[in-house]
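Report on one structure; see the data block that follows.
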Protein chains: 2
Amino acid sequence: MGIHERKQREKEQRRKQIMEAARKVFSAKGFNKATMEEIAGEAELSPGTLYLYFKNKEELHTSLSIDILEYITEQMKKFIDRQDINAEEKMNTLKDTFINVYEYDPMVLINLFHLQSGETLKNLSPEVLEELTETSSDALSAITSIVSEGIDQGIFAAKHPVAMADIIWATYSGVVLWVDSKRLLNNEKDFVKQTLETAFEIMLNGFKIK
Amino acid sequence: MGIHERKQREKEQRRKQIMEAARKVFSAKGFNKATMEEIAGEAELSPGTLYLYFKNKEELHTSLSIDILEYITEQMKKFIDRQDINAEEKMNTLKDTFINVYEYDPMVLINLFHLQSGETLKNLSPEVLEELTETSSDALSAITSIVSEGIDQGIFAAKHPVAMADIIWATYSGVVLWVDSKRLLNNEKDFVKQTLETAFEIMLNGFKIK
DNA sequence: ATTATATTTTGAACATCATTTATTGTTTGA
DNA sequence: TCAAACAATAAATGATGTTCAAAATATAAT
């Protein structure tokens with residue numbers, strides 16, 4: 001009776017092993033420059049095997065993005081329901097979470113934000129697309145709940161909370177993508193953290209009732 | 001003596017013709033799905049000819065982005081030096097410009113924002129990279145000048161103007177990319193315009209001295 | 001234990017492009 | 001009229017994502 005379960009477990013392990021190899025290669029080369037052959041090599045498997053676990057290159061990439069999105073959501077859930085801090089403090093904790101995730105693995109995060117592109121979404125299987133939709137929606141709900149709390153507490157101006165959550169997420173992705181590419185264009189040092197700090201300061205100030 | 005000039009002109013025309021074909025195809029298919037063969041077909045040329053005018057696919061794509069960036073900068077220059085409106089009004093005009101550009105050709109704009117990715121930048125010739133750096137820098141300078149004016153006028157809080165300009169640009173790109181991809185994920189209608197309106201409202205409020 | 005069946009993996013074949021190059025065609029200037 | 005310069009082409013090349021028939025391995029049945 002345990003055989004089937006063990007096989008299931010092994011299948012899941014193999015999947016994780018491929019994803020870990022993919023994470024390394026995508027992180028080092030970016031989506032286009034990474035090759036399935038190199039990922040297979042890193043995972044000590046043949047290229048064909050990758051297609052038994054992922055429909056195609058885009059779906060393998062998307063699975064990594066889903067993982068990091070889930071991680072972000074998990075981190076947010078650790079503090080959104082806390083009663084001892086108000087919405088403004090939660091916004092600051094959110095900012096810290098965002099910065100931590102960026103610093104932990106900048107490339108995977110940047111790749112996640114790039115995924116937000118129509119051409120990629122078209123190549124996903126319905127299941128993975130569904131999973132991505134679900135995960136994004138969870139992340140956005142968590143952010144929305146902070147905003148709503150701020151409005152309820154009379155700290156934030158009463159705008160549409162979903163739009164506000166979108167703007168928070170958009171600012172996060174926009175700052176990471178733009179400041180990082182500016183660094184590459186101008187051989188600057190990495191200002192992502194500082195710019196995120198300032199952006200959140202401005203956003204928070206913009207949210208508040210005067 | 002005019003022959004050389006005519007040839008120069010024809011060369012420039014052919015370049016434009018290729019870019020126009022590329023614009024159509026990239027706009028319809030996105031970067032990865034668009035093929036050089038299809039672009040060549042659209043331009044009524046053979047694939048090889050494209051390489052006499054552009055080093056590679058990425059450089060052709062980048063040329064389009066430079067064009068739209070130049071257009072944005074041009075639009076900004078029309079009002080940044082006006083004396084009859086203050087910095088806050090200029091911010092609103094900036095927002096309108098951003099919305100107009102999005103509505104004129106969403107895909108080319110989205111592709112521009114996607115370009116802001118390290119892996120693409122590595123494949124550009126030094127000249128085109130230089131041109132892109134220059135153009136981005138021009139656009140950012142224009143935005144920075146609005147922010148600086150606001151600080152000088154005592155309307156905006158005195159933060160680092162360059163960081164503030166980065167945040168404006170990052171918010172623009174972030175909102176366009178995220179809200180558009182959310183639309184694709186959830187089959188929603190296009191909320192980019194409304195979200196940009198709200199984002200600017202919040203940002204402007206966040207900039208202001210209370 | 002042996003054989004049959006099912007599962008998993010392989011690696012070579014295939015198809016699709018981006019890019020290069022040898023060739024052809026065209027314009028210019030003498 | 002012709003040679004040199006220029007421009008464009010079509011076919012070849014190479015890289016790489018993806019598929020598939022065969023091999024290897026594990027499980028189940030007799």
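In the text below, chain A, chain B and the rest are named by the order of the sequence lines, each starting its count at 1.
Contact between B/Leu69 and B/Ser136 at its shortest, heavy atoms only, is CD1-OG, 3.8 Å.
One atom, CD of A/Gln8, and another, C1' of D/dA26, lie 16 Å apart when rounded to the nearest Å. Residue B/Glu37 contributes atom CD, which lies 12 Å from atom C1' of D/dA11 at whole-angstrom precision. At whole-Å resolution of the value, CD in A/Glu10 and P in D/dT25 are 15 Å apart. Between the NZ atom of B/Lys11 and the C1' atom of C/dT27 there is a distance of 13 Å, given to the nearest Å. Nucleotide C/dG11 holds its P atom 13 Å from the CD atom of A/Glu44, rounded to whole Å. Regarding B/Lys33, its NZ atom lies at a distance of 12 Å from the C1' atom of D/dG17, rounded to whole Å. Nucleotide C/dT19 holds its P atom 10 Å from the CD1 atom of B/Ile39, rounded to whole Å. Between A/Lys57 atom NZ and D/dT18 atom C1' there is a gap of 12 Å when expressed in whole angstrom units.
Between A/Arg6 and A/Glu10, at least one side-chain nitrogen of the basic residue sits less than 4.0 Å from a carboxylate oxygen of the acidic one, meeting the salt-bridge criterion. The residues A/Arg23 and A/Asp67 are annotated as not salt-bridged, no charged nitrogen and carboxylate oxygen being separated by less than 4.0 angstrom.
DNA chain C is contacted by both B/Asn56 and A/Ser46; A/Ser46 maps to the nucleotide lying nearer its 5′ end (nearest heavy atom per residue).
Checked by atom type and distance alone, the side chain of A/Asp190 pairs as donor or acceptor with a backbone atom of A/Val192 at under 3.5 Å. The main-chain N or O of B/Ile202 is never found under 3.5 Å from a side-chain atom of A/Lys159 such that the two would form a donor-acceptor pair.
Contact check, A/Tyr51 against D/dT18: a side-chain N or O comes under 4.0 Å of OP1 or OP2. At the phosphate of C/dT8, neither OP1 nor OP2 sits under 4.0 Å from any side-chain N or O atom of A/Tyr53. The phosphate of C/dT10 (OP1 or OP2) has a side-chain N or O of A/Thr49 nearer than 4.0 angstrom.
Of the candidate nucleotides D/dT18, D/dA8, C/dT19, D/dA8 has the atom lying nearest to any side-chain atom of B/Leu52. When distances are taken from the side chain of B/Lys7 to each of C/dT28, D/dT9, C/dT10, the shortest belongs to C/dT28. For A/Arg6, whose side chain is taken as the heavy atoms from C-beta onward, the closest listed nucleotide among D/dA26, D/dT16, D/dT18 is D/dA26.
Using a 4.0 Å heavy-atom cutoff across all strands shown, A/Ala34 reaches sugar-phosphate atoms only and no base atom.
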